[in-house]
Protein chains: 2
Amino acid sequence: MADRPRYHHGALREALVDAGEQLARSEGLDGVTVRRIAAACGVSAAAVYRHFPSGDHLIAAVAQRAREIMARDMFARLDAAAGRAPIDRLREVGESYIAFALAEPRLFSLVSMPMTTPPDRPDDPNAADLVRDIVLELEPLGAVDEQRVASRMMLAQASAHGLAVILRDFVPDPRAREQLIAGVLDRVGAGLEA
Amino acid sequence: MADRPRYHHGALREALVDAGEQLARSEGLDGVTVRRIAAACGVSAAAVYRHFPSGDHLIAAVAQRAREIMARDMFARLDAAAGRAPIDRLREVGESYIAFALAEPRLFSLVSMPMTTPPDRPDDPNAADLVRDIVLELEPLGAVDEQRVASRMMLAQASAHGLAVILRDFVPDPRAREQLIAGVLDRVGAGLEA
DNA sequence: TCGGCCATGTTGACAGTGTACACATTGATG
DNA sequence: CATCAATGTGTACACTGTCAACATGGCCGA
């Protein structure tokens with residue numbers, strides 16, 4: 001390793017996203033800056049614009065990376081919970097979401113920035129689709145009420161997101177966090193089945 | 001009106017917060033900058049530092065202003081709903097919170113920034129206290145279970161906040177918003193009484 | 001009424017930010 | 001091997017927060 005610096009990096013785009021991810025982890029949003037990311041890659045700031053139309057697009061790529069990390073944990077948990085009731089698998093997804101927010105609070109703040117959510121990605125399966133698939137299993141066979149599905153999806157997503165944010169920002173104690181997660185998710189489960 | 005410009009503004013602090021509020025409404029977070037706020041008041045940027053230790057403190061003051069606006073609507077609704085069941089009054093609070101987020105989306109983003117929440121304000125009654133007071137009425141007389149109170153409070157706050165954020169960022173259609181608010185709050189109510 | 005103090009304003013500077021333009025380098029391809 | 005497109009560099013501009021030094025003038029005591 002430690003080659004002499006080459007003029008052409010070779011895989012700068014990936015390196016930029018990597019550096020952005022690390023910077024986001026350690027410094028938080030304010031630390032994620034075009035110039036710092038470029039410097040971390042040993043490259044000038046202008047080089048970034050060969051790979052991203054703007055700094056925001058780079059940040060969005062970092063956010064996408066974070067979403068993929070989160071999705072990996074979700075799928076792992078779902079595999080482990082295969083066969084269990086839909087409501088239980090939905091809880092796994094929620095716990096995964098919250099766990100990521102608390103384990104990587106600064107990275108999570110990128111995930112939940114509206115700016116970083118690509119407007120259209122028809123193929124890219126996201127967390128919302130995941131939730132929808134499970135919520136659909138809660139519907140009575142052959143009688144899918146779109147209105148009810150939407151309400152259930154939104155309750156699941158809103159409560160998980162809100163809980164994640166509030167715990168991250170205002171509840172430092174790990175025990176209190178655990179108890180609140182369990183307590184709230186119990187009640188959300190009741191609300192979902194109502 | 002339209003006095004000639006005086007060297008001493010007279011009530012600059014208030015004027016700065018006013019200008020910040022307007023700027024936050026129209027431009028959003030990125031538009032809320034020390035220099036722009038100062039310019040809007042016809043004053044140099046450095047003058048701000050006679051009234052706030054840093055630009056972040058000014059932003060925090062604007063956020064506090066926004067919270068007061070929100071609180072006014074909450075109290076008005078609660079007055080109108082006086083005597084009704086606790087669960088109904090809790091819903092009024094949630095609806096007020098969400099309505100503000102959707103009516104003033106950019107201002108709301110200041111409200112929900114952790115940076116802008118003052119760490120200690122013993123006297124200042126905030127929304128959390130409001131929620132707690134109502135949630136306490138849900139408890140059986142003489143048997144207050146702190147654990148249960150905390151779970152209920154957190155469910156109420158997390159679902160309202162999450163719903164507000166998701167609707168603001170991802171659901172532009174007003175009809176869809178209304179239906180989701182009603183649907184989710186129904187389910188939250190069920191979860192609160194579980 | 002006058003002097004002076006001090007709260008409150010200004011100016012100018014510095015470091016750091018995103019981003020565009022002109023230029024330099026190099027890997028790959030005809 | 002020559003050339004071209006891809007990719008990186010250097011420099012510049014406008015903008016940001018913040019500070020130090022200086023200017024102004026409203027108020028309070030003699």
Side-chain angles (χ1 to χ4, degrees), chain A residues 2-64 106 109-110 113-116, chain B residues 2-64 106 109-110 113-116:
Chain A
D3 324 55
R4 56 167 171 69
R6 293 162 297 178
Y7 192 96
H8 282 53
H9 184 286
L12 183 53
R13 198 197 143 96
E14 278 300 299
L16 289 171
V17 178
D18 286 349
E21 181 189 332
Q22 284 315 113
L23 223 43
R25 267 189 232 273
S26 54
E27 312 267 346
L29 260 172
D30 295 349
V32 181
T33 179
V34 171
R35 292 176 123 103
R36 287 174 68 132
I37 292 178
C41 294
V43 122
S44 83
V48 169
Y49 294 85
R50 298 294 174 188
H51 300 270
F52 297 94
S54 83
D56 284 352
H57 285 78
L58 169 51
I59 294 183
V62 176
Q64 190 55 35
R106 309 182 218 256
S109 63
L110 287 200
M113 275 173 52
M115 190 194 76
T116 70
Chain B
D3 324 55
R4 55 166 171 71
R6 292 162 298 177
Y7 192 94
H8 282 52
H9 185 286
L12 184 54
R13 197 198 145 95
E14 277 300 300
L16 289 171
V17 177
D18 287 349
E21 180 189 333
Q22 284 314 113
L23 224 44
R25 267 190 231 272
S26 53
E27 313 266 347
L29 260 173
D30 295 349
V32 181
T33 181
V34 171
R35 290 177 123 102
R36 289 175 67 131
I37 292 178
C41 295
V43 121
S44 81
V48 170
Y49 294 86
R50 298 295 174 188
H51 300 271
F52 298 94
S54 84
D56 284 351
H57 285 78
L58 169 51
I59 294 183
V62 176
Q64 191 54 36
R106 308 181 219 257
S109 62
L110 287 200
M113 275 173 50
M115 190 194 76
T116 69

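Chain A is the first sequence line, chain B the second, and so forth, proteins listed ahead of strands; every chain is numbered from 1. This one's a predicted model, so the numbers in the text were calculated from it and none came from an experiment.
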### Message
A/V48 vs A/I37, test: side chain to side chain contact (heavy atoms under 4.5 Å, CB included). Steps then yes/no.
### Response
CA-CA 9 Å; A/V48 169; A/I37 292 178; 5.5 Å; no

### Task
State whether the distance check finds a donor on one side and an acceptor on the other, under 3.5 Å, for side chain A/R35 versus base C/dG18.
yes

#### Entry: Closest-nucleotide 5' rank along DNA chain C - winner of A/P53 and B/L12
B/L12

### Message
Given D/dT9, D/dT7, C/dT8, identify the nucleotide with an atom nearest to the side chain of B/H51.
### Response
C/dT8

### Task
Would you mind telling me which of C/dA20, D/dC22, C/dA22 lies closest to the side-chain atoms of B/R50?
D/dC22

### Message
Measure CG/B/L58 against P/D/dT16 and give the value in whole Å, please.
### Response
14 Å

### Task
Would you kindly give the CZ-to-C1' distance between A/F52 and D/dT7, to the nearest whole Å?
14 Å

### Query
Taking only side-chain nitrogens and oxygens of B/T33, does any of them come within less than 4.0 Å of OP1 or OP2 of D/dC15?
no

### Length of the CG-P vector between A/L23 and C/dG16, whole Å
15 Å

### Message
Can you tell me which nucleotide in C/dT10, D/dT18, D/dT9 comes closest to the side chain of A/S44?
### Response
D/dT9

### Message
Without decimals, in angstroms, what is the distance between A/D56 CG and C/dT19 P?
### Response
6 Å

## Note on the structure
Separation of C/dA7 atom P from B/R13 atom CZ, nearest Å, is 16 Å

### Closest non-hydrogen atom pair, A/R106 against A/R25
NE-O, 3.1 Å

### Query
With respect to B/F52, which candidate in B/V34, B/I59, B/L58 satisfies the side-chain contact (heavy atoms from CB on, under 4.5 Å) definition?
B/L58

### Spacing of B/Y49 atom OH relative to D/dA20 atom C1', expressed in whole Å
14 Å

### Task
Would you mind reading off the distance between A/L16 atom CG and D/dG8 atom C1', rounded to a whole angstrom?
12 Å

### Task
Could you state the atom-to-atom distance from CD1 of B/I37 to C1' of D/dC15 in whole Å?
15 Å

### Query
At what distance, to the nearest 0.5 angstrom, does CG of B/L23 lie from CG of B/D18?
12.0 Å

### Task
Taking only the side-chain heavy atoms of A/A46 (C-beta and beyond), determine which of C/dA20, D/dT16, C/dT11 contains the nearest atom.
C/dA20

### Message
Using a 4.0 Å heavy-atom cut-off, does A/R36 contact any base of the nucleic acid, only the sugar-phosphate backbone, or nothing at all?
### Response
sugar-phosphate

### Message
Show the nearest heavy-atom pair for residues B/A45 and B/A38, with the distance to one decimal.
### Response
CA-CB, 3.7 Å

